[in-house]
Amino acid sequence: MTDTVSFSQRLVKAGTPIFNEILKHPFVQGIANGDLPKEALTFYVGQDFNYLNAFIKVYAGAIQKCENRKQMSFFAQQIGFVLNSEIHPHHNFCDVAGVEYESLQHEAQAPFTYLYNEHMYNAARTGDLIDVVAAMTPCPWTYIEIGNELVRQGKNSESNVFKPWIDFYANFDDEDGSVLPSMFAMLDAEAPKYQEEHLARTEEIFLKSCELEWEFWDQAWNQRGWRFVEPKNTL
Ligand SMILES: Cc1ncc(C[n+]2csc(CCO)c2C)c(N)n1
């Protein structure tokens, strides 16, 4: 019976309690209800710009672990996508906050941005392809699920200032070449090569990224910086 559950389904099942907490988070509820403080929005965009730069570099690290051109072209396409398209939801937040996007592109890295980025870099440095993909999957998985859930709840009405953000993620896989199905397929193709001991560690990598997604929202909601250190801005 357990054999019928794919590895990606196992990860999604394990991550669902964390995803449910993400949905309840006041920042995500603020997107749903079209009401977020300017400070939370600008903090989020400044940190997310930094996160996306790391995400692109982790894709480059994943390319080094590929065994065929199909996998390589998927990651290469995603690098282009993150560079060119992920900026749309950022512009939505900036427009609502009334700030220029360019003014938020040199923010110092906050603690959970650092932790999440380093978590992905570590998977790319020390793990196999399955481990890097496991570290990266909660990013599209949770955002696409948030978008879909908010559309199901009818939150993307014309009156919601965050309609463009919700629609962007709800329609995500139509626009950019099925990132989530491709990542799930890669996880499922790699998983049979490993013993349970390795897969349990891969699951932990996935779950840590899920938890760091929650922390990323929470960090922006509270504008949480370093306690004692004053970090330098990114160049
Ligand atoms: C903290 C954080 N997590 C996820 C996303 C969403 N996201 C970023 S890149 C990408 C495409 C993957 O190829 C997606 C869905 C975000 N913006 N910030």
Side-chain angles (χ1 to χ4, degrees), residues 15 18-19 21-23 25 27-28 31 40-63 71-94 101 104-105 107 109-121 123-124 132-150 162 164-187 205-222 224:
I18 303 175
F19 173 72
E21 292 300 319
I22 290 173
L23 261 188
H25 193 278
F27 198 118
V28 177
I31 296 173
L41 287 169
T42 53
F43 192 101
Y44 173 89
V45 172
Q47 293 307 308
D48 208 45
F49 185 79
N50 189 289
Y51 170 81
L52 293 188
N53 289 340
F55 208 81
I56 290 163
K57 293 178 188 180
V58 177
Y59 269 139
I63 287 180
Q71 293 170 339
M72 283 181 186
S73 73
F74 168 70
F75 290 125
Q77 183 216 351
Q78 285 307 312
I79 288 174
F81 179 80
V82 177
L83 278 170
N84 300 314
S85 300
E86 272 283 321
I87 56 172
H88 296 316
H90 285 177
H91 275 296
N92 181 206
F93 281 5
C94 288
Y101 188 24
L104 298 173
Q105 297 182 352
E107 295 299 309
Q109 199 176 37
F112 283 104
T113 313
Y114 176 76
L115 187 56
Y116 198 177
N117 290 353
E118 292 300 322
H119 173 61
M120 293 190 297
Y121 286 142
V132 200
V133 176
M136 302 181 92
T137 302
C139 158
W141 175 55
T142 59
Y143 275 55
I144 289 168
E145 288 295 331
I146 292 169
N148 288 339
E149 179 57 30
L150 297 188
F162 299 120
W165 191 99
I166 297 171
D167 287 340
F168 179 85
Y169 286 112
N171 300 322
F172 200 73
D173 266 335
D174 312 337
E175 287 172 18
D176 96 296
S178 311
V179 57
L180 199 50
S182 301
M183 284 190 177
F184 285 160
M186 224 178 274
L187 290 165
I205 292 171
F206 174 86
L207 290 175
K208 281 180 174 161
S209 288
C210 290
E211 180 155 343
L212 290 166
E213 284 290 339
W214 186 93
E215 292 287 2
F216 203 89
W217 292 116
D218 198 61
Q219 170 180 258
W221 179 251
N222 294 305
R224 168 84 158 86

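When a ligand or atom number is given, it counts from 1 through the structure's own listing order.
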Check whether N222 reaches the backbone of D218 with its side chain - one donor and one acceptor, N or O, closer than 3.5 Å. yes
So, for W141 and F19, is the gap between ring centers shorter than 6.0 Å? yes
I need the atoms of ligand 1 closer than 4.0 Å to a non-hydrogen atom of F55, numbered in the order shown. 12 (C)
I need the atoms of ligand 1 closer than 4.0 Å to a non-hydrogen atom of F172, numbered in the order shown. 11 (C), 15 (C)
Kindly assign one of parallel, tilted or perpendicular to the pair W221 and H25, based on the angle between their ring planes and the thresholds 30° and 60°. perpendicular
Measure the distances from the heavy atoms of Y44 to every atom of ligand 1 and state whether one is below 4.0 angstrom. yes
So the atoms of ligand 1 within less than 4.0 Å of a heavy atom of V179 turn out to be 13 (O)
Over 60° means perpendicular and under 30° means parallel, so tell me whether F172 and F168 are parallel, tilted or perpendicular. perpendicular
Quick one: are the ring centres of F93 and Y101 less than 6.0 Å apart? no
Per-atom contacts, ligand 1 versus F216 - under 4.0 Å to a heavy atom: 1 (C)
Please classify the M136 to ligand 1 contact at 4.0 Å (heavy-atom distances, strictly less than): side chain, backbone, both or neither. neither
Considering the options F112, F27, Y51, F43, which one meets the ring-ring contact (aromatic ring centres under 6.0 Å, His included) requirement together with F216? Y51
I need the atoms of ligand 1 closer than 4.0 Å to a non-hydrogen atom of Y59, numbered in the order shown. 12 (C), 13 (O)
D48 side chain to Y44 backbone, donor-acceptor under 3.5 Å: no
Give yes or no for whether the N/O distance cutoff of 3.5 Å, strictly under, is met between E213 and ligand 1. yes
Check L52 against ligand 1 and report side chain, backbone, both or neither, counting heavy atoms closer than 4.0 Å. side chain
